[in-house]
Amino acid sequence: MKFKKVVALATVMAMTMSMAACGSSSSSTSSTSSGSESSSSSETVAETESTEEASASEDTALVSGKMSMSGSTSMEKYVSALIETYAEINPNITVTAEYVGSGAGIEQVIAGSVDIGNSSRNLKDAEVESGAVENIVAIDGIAVVVNPANTVDDLTQEELISIYTGEITNWSELGGSDTPIVVIGREAGSGTRGAFEELLGIEDACAYASELDSTGAVIATVAATEGAIGYASLDSINDTVIAVKLDGVEATEENIVAREYFLCSPFVMATNGEISEQSDAVQAWFEFVYSDEGKTVAQEVGLISVD
């Protein structure tokens with residue numbers, strides 16, 4: 001399936017005719033000129049009509065319809081950028097998206113209430129058994145963030161695990177100030193939480209002080225709370241918090257690509273059945289996401305594109 005931008009073409013033709021000054025020759029020339037102008041005008045109209053027909057044909061070749069998505073809040077920046085770019089490529093498809101968490105999005109796509117369920121983690125076996133298909137569209141890093149007043153800027157994997165399981169409770173134990181550690185995390189069902197806990201091997205073992213329902217809430221809480229630590233999608237980090245190094249490695253796209261930064265997770269657009277079984281609108285969307293244009297969008301928001 002090809003995506004085309006329809007461009008209207010207009011052809012303007014200019015002709016200059018010379019005429020004799022007098023007599024029957026003038027009449028004859030005038031008649032000839034009139035005939036030539038009439039012929040030229042007809043050709044111009046015919047060519048314009050042909051161009052308009054070709055343009056109309058290209059326009060109708062674009063897939064039209066509606067498509068809905070729901071799921072991960074961590075994917076909001078990425079999905080919004082995709083929708084904006086896609087609207088320019090194919091304005092005939094209306095795409096809507098809600099951001100309610102990975103688990104909820106996958107439940108909705110399995111139930112058939114949306115076309116795509118966005119998830120910032122791999123699908124669970126039970127979800128796959130229920131018909132969900134995992135379509136990885138990009139790779140995201142998970143940044144560990146602390147309050148700007150914190151002097152600790154590097155944590156080992158073991159220290160991070162000990163913080164989130166409640167074994168280390170004060171920043172002084174890690175060379176920082178005598179400040180209690182406030183452990184911030186996402187709510188149950190969050191894809192980022194699921195990926196974070198799974199990568200560290202601490203599922204159901206975290207000692208959270210607060211469990212928040214969005215990426216933005218985590219960043220805002222850490223920024224406003226002395227001693228706080230949290231985790232969030234790398235592409236969502238701003239200058240109100242500090243992303244610490246892990247095992248001496250910064251959370252950057254380059255380090256994720258090089259597999260040097262260990263906290264990274266897939267961005268998944270789950271479908272109920274294979275992509276080839278979906279509507280033309282959904283198939284057109286995935287063709288865009290995996291195209292050069294779609295990969296560029298992923299890279300521009302700080303993600304790693306996939307083939």
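We use all heavy atoms of the structure for the numbers below, so side chains are in, but hydrogens, waters and symmetry mates are not.
The existence of a salt bridge linking E197 and R186 is excluded, since no basic side-chain nitrogen approaches an acidic carboxylate oxygen closer than 4.0 Å. Here K66 does not pair with D115 in a salt bridge; the nearest charged N to carboxylate O distance is not below 4.0 Å.
The environment of CD in E226 is sparse: at most 12 heavy-atom neighbours from other residues, nucleotides or ligands sit within 6.0 Å. No more than 12 heavy-atom neighbours from other residues, nucleotides or ligands sit within 6.0 angstrom of CD on E98. The number of heavy atoms from other shown groups lying within 6.0 Å of NZ (K124) does not exceed 12. Counting non-hydrogen atoms of other residues, nucleotides and ligands closer than 6.0 Å to CD of E84 gives a total of 12 or fewer.
With contacts defined as side-chain heavy-atom distances shorter than 4.5 Å, the pair N135/T271 qualifies. Counting only heavy atoms from C-beta outward, the side chains of I229 and V222 never approach each other to under 4.5 Å. Taking 4.5 Å as the limit, some side-chain heavy atom of V289 sits within range of a side-chain heavy atom of L82. In this structure, E187 and L212 have side chains that are not in contact, with every pair of non-hydrogen atoms separated by 4.5 Å or more. Using a 4.5 Å heavy-atom threshold, the side chains of I181 and I168 count as touching. Within the 4.5 Å cutoff, no side-chain heavy atoms of R121 are placed close to those of S265. Taking 4.5 Å as the limit, some side-chain heavy atom of E211 sits within range of a side-chain heavy atom of R193. Side-chain atoms of Y99 and M75, non-hydrogen and from C-beta on, never get closer than 4.5 Å to each other.
Put simply, V145 and I161 are part of two different groups of oily side chains (I, L, V, M, F, W, Y) that touch within less than 4.5 Å, one to the next. Both Y86 and Y290 are assigned to one and the same hydrophobic cluster, defined by single-linkage of ILVMFWY side chains at heavy-atom distances under 4.5 Å. Following chains of ILVMFWY side-chain contacts shorter than 4.5 Å, one can reach W285 starting from V137, so the two form part of one hydrophobic cluster. Connection of L263 to I139 is established within a shared hydrophobic cluster, with ILVMFWY side chains joined at heavy-atom distances below 4.5 Å, either directly or through further cluster members. If you chain together hydrophobic residues whose side chains sit under 4.5 Å apart, I184 and L174 never meet in one group.
With T225 contributing its side chain and A228 its backbone, the two residues share no donor-acceptor pair below 3.5 Å. For the pair S102 (side chain) and S119 (backbone), a donor-acceptor distance under 3.5 Å is absent. Put simply, the side chain of D280 never gets that close to the backbone of S64: no donor and acceptor are under 3.5 Å apart. Distance alone, capped at 3.5 Å, is enough to place a donor-acceptor pair between the N147 side chain and the A223 backbone. Proximity of a side-chain donor or acceptor of S113 to a complementary backbone N or O of Q108 within less than 3.5 Å is detected. Under a 3.5 Å cut-off, the side chain of E173 and the backbone N or O of T169 do form a donor-acceptor pair. N90 places a side-chain N or O within donor-acceptor distance of the main-chain N or O of N92, the cut-off being under 3.5 Å. In this structure, the side chain of E159 engages the main chain of T156 through a donor-acceptor pair within 3.5 Å.
No donor-acceptor contact under 3.5 angstrom links the side chains of T252 and E250, judged on distance only. Of the N and O atoms on the side chains of S233 and T215, not one donor lies less than 3.5 Å from an acceptor on the other residue. Between the side chains of S68 and T96, no donor-acceptor pair of N or O atoms lies under 3.5 Å. Side-chain atoms of E134 and N122 form a donor-acceptor pair, as typed in the model, at a separation below 3.5 Å. In this structure, a donor-acceptor pair under 3.5 Å is absent between the side chains of S120 and D140. Between the side chains of N118 and S72, no donor N or O sits under 3.5 Å from an acceptor N or O.
Rounded to the nearest 0.5 Å, atoms CG (L303) and CD (Q299) are 9.5 Å apart. Of the inter-residue distances, the one linking N238 atom CG with I219 atom CD1 reads 5.5 Å to the nearest 0.5 angstrom. For the atom pair CD of E300 and NZ of K295, the computed distance is 14.5 Å after rounding to the nearest 0.5 Å. Distance check: S130 OG to I106 CD1 gives 10.5 Å after rounding to the nearest 0.5 Å. In this structure, CD1 in I116 is found 8.0 Å from CD1 in I275, a value given to the nearest 0.5 Å. Taking CG of D235 as the start and CD1 of I304 as the end, the distance is 11.5 Å to the nearest 0.5 Å.
Summarising the geometry of V306 relative to A138, their closest heavy-atom pair is CG2-N, 3.9 Å, with the distance given to 0.1 Å. Between V297 and A81, the closest heavy-atom pair is CG1-CB, 3.6 Å. Closest of all the heavy-atom pairs between N272 and I110 is ND2-O, 3.1 Å. Heavy atoms only, all atoms of each residue included: G105 and V114 are closest at O-CG2, 4.3 Å. Of all heavy-atom pairs spanning C264 and L199, the tightest one is O-CD1, 3.3 Å. Here the closest non-hydrogen pair linking L155 and V244 is CD1-CG2, 4.2 Å.
Residue pairs meeting the ring-ring contact (aromatic ring centres under 6.0 Å, His included) criterion with at least one member in residues 165-202, sequence neighbours excluded, are Y164-F196, F196-Y231. The ring-ring contact (aromatic ring centres under 6.0 Å, His included) contacts involving residues 236-261 comprise nothing, where partners must be two or more places apart or lie in separate chains.
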Assess the residue pair S276 and E274 against the criterion (side chain to side chain donor-acceptor pair (under 3.5 Å)); give the C-alpha distance rounded to whole Å, side-chain angles, the decisive distance to 0.1 Å, and a yes or no. CA-CA 5 Å; S276 60; E274 300 293 338; 5.8 Å; no
side-chain contact (heavy atoms from CB on, under 4.5 Å) between V79 and F267: does it pass, once the steps are laid out? CA-CA 10 Å; V79 171; F267 272 1; over 6 Å; no
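Grouping Ile, Leu, Val, Met, Phe, Trp and Tyr residues whose side-chain heavy atoms lie under 4.5 Å apart, directly or via other members, leaves V100 alone, with no other cluster members.
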